[in-house]
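One structure is given here, and the rest of the page talks about it.
A, B, ... follow the sequence lines: proteins, then strands. Residue 1 opens every chain.
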2 protein chains.
Amino acid sequence: MNNKNKVSITELLRASKLSITDTRVKILELFMNSNGALEHSSFEKLAGQTFDRVTVYRTLQTFLDKGIIHSIPTTDTSIRYALCKSDCSEHDHHDHHVHFKCEECGATTCLEDTDVPEIHLPKGYAIHNVDVVVSGVCKQCR
Amino acid sequence: MNNKNKVSITELLRASKLSITDTRVKILELFMNSNGALEHSSFEKLAGQTFDRVTVYRTLQTFLDKGIIHSIPTTDTSIRYALCKSDCSEHDHHDHHVHFKCEECGATTCLEDTDVPEIHLPKGYAIHNVDVVVSGVCKQCR
DNA sequence: TATGATTATGAAACAATGTTGCATAAAAAG
DNA sequence: CTTTTTATGCAACATTGTTTCATAATCATA
């Protein structure tokens with residue numbers, strides 16, 4: 001982690017009107033240093049340091065609320081989280097990209113360049129969000 | 001639950017080479033009598049009868065393996081399950097429909113008539129499955 | 001339709017995951 | 001530097017998921 005990232009993490013927290021704490025900075029560093037999406041247990045295991053379980057839950061919830069991260073649905077037990085692009089905000093998410101879950105290595109990644117296609121539902125439904133999760137085998141595992 | 005359904009449940013189990021047991025029949029009845037997708041806890045609460053937790057887990061896993069039900073990814077803790085159409089089989093799922101989660105009533109439903117659009121990924125990815133989960137407000141809740 | 005082989009179930013014990021309340025510690029505001 | 005506000009850690013608890021093993025139910029077949 002270089003100094004530039006530290007500065008941007010600070011700015012990110014400040015922009016979301018969140019106080020700057022060790023836990024929040026370290027969790028954001030973990031997100032920035034990892035390619036894929038992280039699941040909850042990662043935060044307790046990683047970083048040589050133990051975060052308290054409760055603090056991690058609360059921090060992730062706060063980041064979700066503020067639009068700093070987004071959650072990725074899964075059919076296993078663990079929800080995954082990934083950083084939002086910088087143009088997301090509290091009430092205006094637009095992470096309209098596809099997520100990919102590799103069945104070999106287990107990694108979940110955001111395919112930023114692959115847009116979610118438009119979905120047309122029968123009349124009467126109000127659409128707030130569309131999640132697309134593709135599973136298969138990623139480049140590295142083939 | 002009428003007799004016709006009972007017969008078809010029996011046939012369904014037999015077709016999947018599963019022995020016909022009370023638990024399996026009752027869990028399938030729950031699926032057939034419910035419009036939306038069911039989460040695990042439903043099976044323990046519903047039906048006036050208490051199923052053992054372990055049996056429910058094993059039964060759902062068996063049904064998944066045999067292609068009788070499919071799972072629907074969520075960003076909350078509970079995985080949802082719904083019946084597959086009759087033309088699914090053990091190694092050949094084709095439930096290529098969109099799922100809808102209502103933010104008001106919480107119900108998750110299969111939109112059988114809304115196909116999952118084709119997704120084009122960057123080169124190198126092998127696609128096995130595409131899950132689309134739309135969240136918003138359903139007809140009944142508007 | 002009884003019998004043995006096979007498979008499913010339930011119980012117990014455990015492991016992992018998620019939640020709540022409250023005292024303390026840290027950060028922000030003045 | 002002090003006060004106010006907010007975040008954290010701990011403890012206790014609740015829920016969810018897993019493993020093992022003895023018992024019970026189902027199936028195949030005689």
Side-chain angles (χ1 to χ4, degrees), chain A residues 6-7 9-30 37-66 68-69 71-81 90 106 108, chain B residues 6-7 9-30 37-66 68-69 71-81 90 106 108:
Chain A
K6 276 224 178 88
V7 170
I9 283 176
T10 302
E11 283 167 358
L12 178 56
L13 287 171
R14 214 182 301 275
S16 297
K17 294 177 184 161
L18 292 176
S19 51
I20 293 154
T21 67
D22 287 353
T23 310
R24 288 179 180 161
V25 171
K26 286 197 176 108
I27 286 182
L28 284 176
E29 284 177 356
L30 283 176
L38 296 173
E39 57 190 302
H40 179 91
S41 60
S42 308
F43 301 103
E44 293 179 60
K45 287 168 194 158
L46 286 174
Q49 155 166 9
T50 320
F51 298 105
D52 185 84
R53 170 203 307 288
V54 179
T55 304
V56 173
Y57 279 113
R58 286 192 279 223
T59 303
L60 292 175
Q61 187 57 53
T62 301
F63 288 175
L64 276 178
D65 292 345
K66 292 292 184 177
I68 296 173
I69 61 176
S71 56
I72 303 163
T74 63
T75 52
D76 55 39
T77 307
S78 61
I79 306 166
R80 312 258 165 166
Y81 302 92
E90 186 161 359
T108 300
Chain B
K6 278 226 176 89
V7 170
I9 284 175
T10 303
E11 284 166 358
L12 178 56
L13 287 171
R14 213 183 301 275
S16 298
K17 293 178 184 161
L18 293 175
S19 51
I20 293 155
T21 67
D22 286 353
T23 310
R24 288 178 181 160
V25 171
K26 287 198 176 109
I27 286 182
L28 284 177
E29 283 177 355
L30 282 177
L38 296 173
E39 59 191 300
H40 178 90
S41 59
S42 306
F43 301 104
E44 294 179 58
K45 286 167 196 159
L46 285 175
Q49 154 164 12
T50 320
F51 298 106
D52 186 84
R53 168 202 308 289
V54 180
T55 304
V56 174
Y57 280 113
R58 285 191 282 224
T59 303
L60 291 175
Q61 186 58 53
T62 301
F63 288 173
L64 275 178
D65 291 344
K66 293 292 185 177
I68 296 173
I69 61 176
S71 56
I72 303 163
T74 63
T75 51
D76 56 37
T77 308
S78 61
I79 306 166
R80 311 258 166 168
Y81 302 91
E90 186 160 2
T108 299

Salt bridge (Lys or Arg N to Asp or Glu O under 4.0 Å) partners of B/Arg53, counting only residues at least two apart: B/Glu44

Output the rounded distance in Å from [atom1] ([X]) to [atom2] ([N]).
{"X": "A/Ile79", "N": "D/dG17", "atom1": "CD1", "atom2": "P", "answer": "11 Å"}
{"X": "B/Gln61", "N": "C/dT7", "atom1": "CD", "atom2": "C1'", "answer": "17 Å"}
{"X": "A/Phe43", "N": "C/dT17", "atom1": "CZ", "atom2": "C1'", "answer": "15 Å"}
{"X": "B/Arg24", "N": "D/dA25", "atom1": "CZ", "atom2": "P", "answer": "15 Å"}
{"X": "A/Lys66", "N": "D/dT6", "atom1": "NZ", "atom2": "C1'", "answer": "12 Å"}
{"X": "B/Leu13", "N": "C/dA8", "atom1": "CG", "atom2": "P", "answer": "11 Å"}
{"X": "B/Phe51", "N": "C/dA11", "atom1": "CZ", "atom2": "P", "answer": "14 Å"}
{"X": "A/Asp52", "N": "C/dT19", "atom1": "CG", "atom2": "P", "answer": "14 Å"}

Is there a side-chain contact between A/Leu64 and A/Gln61 (heavy atoms, below 4.5 Å)? yes

Are any of the side-chain heavy atoms of B/Lys26 and B/Phe51 separated by less than 4.5 Å? yes

Which residue lies toward the 5' end of DNA chain D, A/Thr77 or A/Thr23, if each is placed at its nearest nucleotide? A/Thr23

Of A/Thr62 and A/Arg53, whose nearest nucleotide on DNA chain D comes first from the 5' end? A/Thr62

Qualifying residues under side chain to side chain contact (heavy atoms under 4.5 Å, CB included), relative to A/Asp52, sequence neighbours excluded: A/Val54, A/Thr55

Minimum heavy-atom separation for A/Thr59 to A/Thr23, with atom names? OG1-CG2, 4.0 Å

Across nucleotides 20-30 of chain C, 5' to 3', mark each nucleotide with B, S or - according to how protein heavy atoms within less than 4.0 Å reach it. BB-----SS--

Using distance alone, with no hydrogens and no angle criterion, decide if A/Arg14 and A/Ser19 have a side-chain donor and acceptor under 3.5 Å apart. no

